[in-house]
Amino acid sequence: MSRYDPATTEPKWQDAWDKAGTFLARRDPAKPKYYVLEMFPYPSGRIHMGHVRNYTMGDVVARYKRSCGFSVLHPMGWDAFGMPAENAAMEKGANPRDWTYQNIADMKQQMKPLGFSLDWSREFATCDPEYYGQQQALFIDMLKAGLITRKAAVVNWDPVDMTVLANEQVIDGKGWRSNAEVERKELTQWFFRISDFADELLTALDGLKDWPEKVRLMQSNWIGKSRGLEIDFALTAPTAGPEGTIDSVPCYSTRPDTLHGASFIAISFDHPLAKALEVSNPEMAAFNADCRRMGTTEEALETAEKRGFETGLTARHPTEDRELPVWIGNFVLMDYGTGAVFGCPAHDQRDLDFARKYNLPVRNAFHMPSASEEVGAEALVPPKTEPVIYVNQPAGVTQATSQEAIDRTIDWFEENGLGRGQTRFRLRDWGLSRQRYWGCPIPVVHCDACGVVPEKKENLPVELPLDVSFDKPGNPLDRHPTWRDCACPACGKLAKRETDTMDTFVDSSWYYARFTAPRATTPTVAEDVDYWMNVDQYIGGIEHAILHLLYSRFFARAMQITGHLPKAAIEPFNALFTQGMVTHEIYTTRDERGRAVYHLPEEVEIVERAGNRRAYLRAEVDDLPENMPNFDRDDARNVLDLVGTRVDIIPSAKMSKSKKNVVDPVSIVESFGADTARWFVMSDSPPERDVEWTASGAEAAYKFLGRAWRLAAEVDARGPGDAAHDADLMKAMHRTIAEVTAGIEGFAFNKAVAALYAFANAVQRTDASAGAKRQAMLTMAQLMSPMTPHLAEEIWHMLGGTGLVADAPWPKADPTMLVEDSVTLPIQFNGRRRSEITVPKDMPREEVEKRALADDAVVRALEGRAPKKVIVVPGRIVNVVV
RNA sequence: GCCCGAGUGGCGGAAUGGUAGACGCAGCGGAUUCAAAAUCCGCCGCCGCAAGGCAUGUCGGUUCGAAUCCGACCUCGGGCACCA
């Protein structure tokens with residue numbers, strides 16, 4: 001073979017690995033284990049560059065750890081339940097099961113050529129009855145352990161399609177298909193009691209040292225521990241409610257220090273008081289009904305215009321002789337706190353906007369020490385650590401930081417029996433019921449005599465029926481008579497199966513544990529989870545920073561309580577890495593009505609001249625030679641400006657089908673090979689940031705791999721060389737080993753790649769002996785092998801390496817080869833670089849200073865003045881200050 | 001709206017308190033070639049003939065020294081509990 005030829009070599013080495021069983025994970029008590037996991041994909045049917053990047057990162061770590069002597073577990077599976085399968089069923093009449101398994105087969109076929117070091121023998125899909133049956137067993141154990149409860153929750157209800165909508169199916173408050181105004185509807189639902197673990201999930205975050213700080217912060221804020229005060233505001237006129245007379249409104253506040261500034265009470269439209277009053281007040285009922293049409297997301301609530309309805313009731317201020325009007329506010333939710341708040345406009349922007357709108361009074365509870373201005377358009381909300389001057393503070397605080405004042409206020413109210421200090425969490429219980437077909441059936445039965453009864457474990461899995469139709473909206477399980485009707489597991493009488501299925505987040509909350517024993521007839525097996533758990537390195541998108549990761553952490557605890565995981569695995573992911581997206585430019589033209597029309601990258605011709613990039617529709621460019629006999633592609637821009645259609649280039653955006661800025665990994669692998677795709681996604685951009693896919697970047701990656709191949713093939717071509725240069729090459733080699741190792745260990749793959757580029761330049765330019773070059777290229781192959789495993793095997797084999805490079809131990813940098821004898825120091829004059837000197841590494845500070853002051857540029861700059869100060873930082877810099 | 005990030009040449013980025021722009025792309029010049037592709041060598045932040053000046057989203061601060069630390073702002077991205 002005389003050239004780099006990935007099309008033939010890549011399948012060859014993949015076969016070699018398969019035959020040798022190189023990547024099968026084995027429990028090997030003689031070796032330390034390492035578990036690498038990438039967030040498993042949803043089987044959409046097509047892999048995209050984001051997948052390639054995600055799995056390449058995991059593969060680099062897996063292959064590297066393997067070389068370092070670890071017994072590695074690197075599995076792959078499919079997050080296979082979810083709405084797209086049902087949508088496909090509705091749109092194309094496909095069966096969700098067939099559609100999903102076909103997609104899995106397609107995606108696996110696209111993924112295999114990339115050469116990932118995966119143990120495919122452990123593959124499973126969450127829609128396999130073998131998997132979800134064990135999930136049902138977990139559910140039953142958790143139900144019996146008191147980790148699951150049932151209660152009412154609000155869902156998006158489409159009154160036309162008579163179905164529950166996901167948040168993404170609600171567009172501008174309307175159902176995506178019916179276009180009907182969506183309503184809030186209460187349903188009884190199953191919940192995981194995750195809020196019982198709020199404090200534990202919060203404090204345990206401190207132990208997750210190898211998680212990104214930002215993810216821990218996001219989770220911490222999400223859990224939202226707060227200390228506040230619950231105070232009763234007595235109604236001046238008690239009102240008859242559904243469950244007796246309501247004579248006060250309890251309000252929870254994290255800012256009880258500002259009670260003097262309270263100027264109104266706002267209650268939720270679902271508050272018992274609101275429900276009691278609306279019966280006799282049609283106008284209020286209409287307002288409340290309107291509120292109940294709002295979306296269920298926090299975002300919808302927070303961004304909606306703040307509106308209120310005055311109830312006419314008043315409540316007494318608990319410590320001052322005045323009354324506050326009671327309003328219904330669309331921004332107060334019954335699920336939070338007590339469903340009622342006191343409004344303090346001066347120190348809360350939302351309350352201030354509300355007060356200005358409805359002409360409610362605004363009074364300062366405190367001022368800044370420097371000024372005592374009344375609040376205008378903006379609420380006064382200084383950091384809680386800044387001292388402020390209080391006015392008529394209930395606990396008698398005059399000057400203090402807000403934090404101190406809050407603590408003292410809570411104490412004072414408790415001492416005087418006027419309120420209750422409380423710790424609350426923002427985290428709510430995890431509603432897991434979904435009114436959908438394509439999910440894991442909730443294994444319970446509703447019996448008229450026995451109530452809610454869990455299915456017997458021997459009857460698991462409760463399998464989804466296959467004879468379903470999606471011609472009508474709603475959940476087909478709900479109208480499937482033979483599936484729905486069943487025997488009560490307790491009394492044996494005719495009963496009804498639960499027709500709700502589980503949230504797909506449940507599926508992904510324990511798959512990491514299942515990979516340790518994917519075929520077991522129990523959810524997990526002790527000796528396997530003992531050996532393999534935890535996941536040592538977890539890799540996935542930042543979009544999962546909160547929900548998926550928090551739910552998984554909860555599940556690990558629940559599985560420990562129910563005996564499915566050891567105590568040591570209570571935090572399932574030792575280290576977490578969140579990678580960025582793969583982006584691409586978007587190409588648009590406008591149609592006759594001015595709307596954007598998107599074009600695929602391959603439909604666009606980019607013409608680049610003098611630093612300007614312009615794009616044209618390729619079809620027109622291809623037509624040109626016929627139209628113009630003297631067509632010169634170099635001069636295409638000028639010609640195209642006259643006859644071509646200009647295409648606008650919109651810089652990097654997340655790849656999406658609708659914007660047509662997608663690059664298909666399959667076509668990249670076909671034209672350049674898997675190693676090029678892998679090398680490209682690892683180079684240039686740091687892995688936590690987004691990477692922009694560019695055609696020229698992919699070509700550059702391909703060219704470099706060809707160059708590396710040639711350097712190896714031509715080790716002897718330039719003659720025996722000169723052994724006098726060997727030491728320099730070996731120094732460069734050891735420096736490269738150190739840099740690549742540090743790059744992989746520190747998830748800075750782009751820096752590892754840069755070091756390999758530099759090393760290739762060094763090998764190319766050296767006059768060292770052929771033997772030294774051979775050694776350099778063998779090491780180069782090893783260092784490249786995690787990123788470009790096929791090429792590495794090829795070079796290794798070509799240069800006579802023993803066995804597979806995948807089995808060779810990772811090279812170690814010799815520390816004595818990394819030290820330099822002399823060092824070049826920049827010399828600054830008043831902080832600006834003027835010159836530099838090269839001195840022996842260990843030169844004493846005084847001598848360095850003397851040399852620096854004797855430097856021509858320094859003498860010139862001093863103009864005869866004496867330096868005021870000379871700063872010498874050994875090994876780094878000299879700064880002369882006058 | 002709230003929470004969390006990110007902003008450095010024409011482009012991707014490097015430098016985490018000490019020479020801003022490593023390495024790569026694009027571009028420019030040269031070698032090789034009948035020619036082209038490929039390959040190889042060199043140049044390459046901006047202004048300036050030069051000396052020098054200006055430059056890390058914007059404005060201010062700390063420091064002998066700031067891309068890096070602090071404060072305010074701007075823009076873009078992620079999440080907001082039924083998308084996965």
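Throughout, a chain's letter reflects where its sequence line sits, starting with A, and its residues are numbered from 1.
- Contact of the A:Met83 side chain with the A:Glu86 side chain is not registered, since no non-hydrogen atoms from C-beta on lie closer than 4.5 Å.
- Nucleotide B:G17 has no partner under the Watson-Crick or G-U criteria, as no pair reaches both atom distances under 3.5 Å.
- Under 4.0 angstrom from either OP1 or OP2 of B:G65 there lies no side-chain N or O belonging to A:Arg876.
- Pairing for B:U62 is absent, judged as Watson-Crick or G-U wobble with the two contacts each under 3.5 Å.
- Using a 4.0 Å heavy-atom criterion, one finds that A:Gln435 contacts the bases of the nucleic acid, with or without backbone contacts as well.
- Residue A:Arg832 has a polar side-chain atom (N or O) positioned under 4.0 Å from OP1 or OP2 of B:C54.
- Side-chain N/O atoms of A:Ser508 and A:Asp79 include no donor and acceptor closer than 3.5 Å.
- You'll find that the side chain of A:Met83 is closest to B:C83, out of B:U39, B:C4, B:C83.
- A:Lys868 comes within contact range of no nucleotide atom at all, as no heavy-atom separation falls under 4.0 Å.
- The distance between atom CZ of A:Arg689 and atom P of B:C76, rounded to the nearest whole Å, is 18 Å.
- Heavy atoms of A:Arg350 sit nowhere under 4.0 angstrom from any nucleic acid atom.
- Here B:A81 is the nucleotide among B:C40, B:G65, B:A81 with the atom lying nearest to any side-chain atom of A:Tyr551.
- Checking B:A20, B:A84, B:C82 against every side-chain atom of A:Arg833, the shortest atom distance belongs to B:A20.
- The residue among A:Val215 and A:Pro41 whose nearest nucleotide of RNA chain B is located toward the 5' end is A:Val215.
- Here the P atom of nucleotide B:A84 and the CD1 atom of A:Ile47 are 21 Å apart, to the nearest Å.
- Judged by Watson-Crick or G-U wobble contacts below 3.5 Å, the nucleotide B:C2 has B:G79 as its partner.
- In this structure, B:C73 and B:G57 make a Watson-Crick or G-U wobble pair, each of the two defining distances being under 3.5 angstrom.
- Residue contacts shown for A:His544 include a base, since a base heavy atom lies under 4.0 Å away.
- Taking the six-membered ring where the residue is Trp, A:Phe331 and A:Phe354 present perpendicular rings, their angle passing 60° and hence far from 30°.
- B:A36 and B:A55: their C1' atoms are spaced 41 Å apart (whole Å).
- Closest to the side chain of A:Glu298, out of B:G53, B:U19, B:C80, is B:C80.
- Using a 4.0 Å heavy-atom distance criterion, A:Trp222 is classed as a base contact.
- Nearest heavy-atom pair, A:Met502 versus A:Pro441, reported as atom, atom and distance to 0.1 Å: CE-O, 4.0 Å.
- At a threshold of 4.0 angstrom between heavy atoms, the contacts of A:Val880 with the nucleic acid are absent.
- Across all strands, A:Phe704 comes closer than 4.0 Å to no nucleic acid atom at all (heavy-atom distances).
- By the 30° and 60° cut-offs, the orientation of the rings of A:Trp430 relative to A:Tyr551 is parallel.
- A residue-by-residue look at A:Ile546 and A:Thr824 shows that A:Thr824 has its nearest nucleotide of RNA chain B further toward the 5' end.
- Comparing the P positions of B:G12 and B:G77 gives an interatomic distance of 15 Å, to the nearest angstrom.
- For B:G24, the OP1/OP2 oxygens have no side-chain nitrogen or oxygen of A:Asn750 closer than 4.0 Å.
- In this pair, A:His51 and A:Tyr55 present their aromatic rings parallel. The plane angle is below 30°, not in the 30 to 60° band.
- Summarising the base pairing, B:A50 is matched to no nucleotide, lacking a Watson-Crick or G-U wobble pair whose two defining distances lie under 3.5 Å.
- Within the 4.0 angstrom heavy-atom criterion, no nucleotide atom of any strand lies near A:Gln219.
- Of the candidates B:G78, B:C83, B:C64, the closest approach to any side-chain atom of A:Asn879 belongs to B:C64.
- Taking the C1' atoms as reference points, B:G52 lies 22 Å from B:C43, given to the whole Å.
- Nearest nucleotide to the side chain of A:Ser685, out of B:G13, B:G18, B:A81: B:G13.
- Whole-Å rounding puts the A:Trp438 CH2 to B:C83 C1' distance at 18 Å.
- Glycosidic torsion of B:G29 falls outside 90° of 0, placing the base in anti.
- Rounded to a whole Å, the CG atom of A:Asn761 is 9 Å from the C1' atom of B:C23.
- Atoms CG (A:Asn830) and P (B:U19) sit 17 Å apart, rounded to a whole Å.
- Nearest to the side chain of A:Val881, among B:G18, B:C64, B:C82, sits B:C64.
- Applying the 3.5 Å distance criterion, the base of B:C80 shares no donor-acceptor pair with the side chain of A:Glu302.
- Tested against A:Phe672, the residues A:Trp679, A:Tyr702, A:Tyr4 include a single ring-ring contact (aromatic ring centres under 6.0 Å, His included) partner, A:Tyr702.
- Among the protein residues, A:Ser433 comes within range of the nucleic acid bases, having at least one heavy atom under 4.0 Å from a base atom.
- With 3.5 Å as the limit, one finds a donor-acceptor pair spanning the side chains of A:Asn156 and A:Thr296.
- Between the CD1 atom of A:Ile171 and the C1' atom of B:C82 there is a distance of 14 Å, rounded to whole Å.
- Using the Watson-Crick or G-U wobble rule with both distances under 3.5 Å, B:G29 pairs with B:C41.
- Within 4.0 Å (heavy atoms only), A:Thr297 reaches sugar-phosphate atoms of the nucleic acid but no base atom.
- Of all nucleotides listed (B:U19, B:A81, B:C64), B:A81 comes nearest to the side chain of A:Arg426.
- A:Ser835 and A:Asp855 form a side-chain donor-acceptor contact under 3.5 Å, judged by distance and modelled atom types alone.
- The side chain of A:Ala700 lies closest to B:C25, out of B:G13, B:U39, B:C25.
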| message | One pair to check against ring-ring contact (aromatic ring centres under 6.0 Å, His included): A:Phe81 and A:Tyr132. What are the steps and the verdict? | response | CA-CA 10 Å; A:Phe81 277 134; A:Tyr132 72 70; 5.6 Å; yes

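- A:Leu427 comes within 4.0 angstrom of a nucleotide base, judged by non-hydrogen atoms across all strands.
- The side chain of A:Lys869 places no N or O atom within less than 4.0 Å of a non-bridging phosphate oxygen (OP1 or OP2) of B:G65.
- Atom P of nucleotide B:C83 and atom CG of A:Asp507 are separated by 14 Å, given to the nearest angstrom.
- In this structure, A:Leu217 places its CG atom 20 Å from P of B:G78, rounding to the nearest Å.
- Across all strands shown, B:G12 forms a Watson-Crick or G-U wobble pair, both distances under 3.5 Å, with B:C23.
- Side-chain atoms of A:Val155 lie closest to B:C82 of the nucleotides B:C82, B:G1, B:A14.
- Proximity of A:Gln828 to the phosphate of B:G18: no side-chain N or O atom is located under 4.0 Å from OP1 or OP2.
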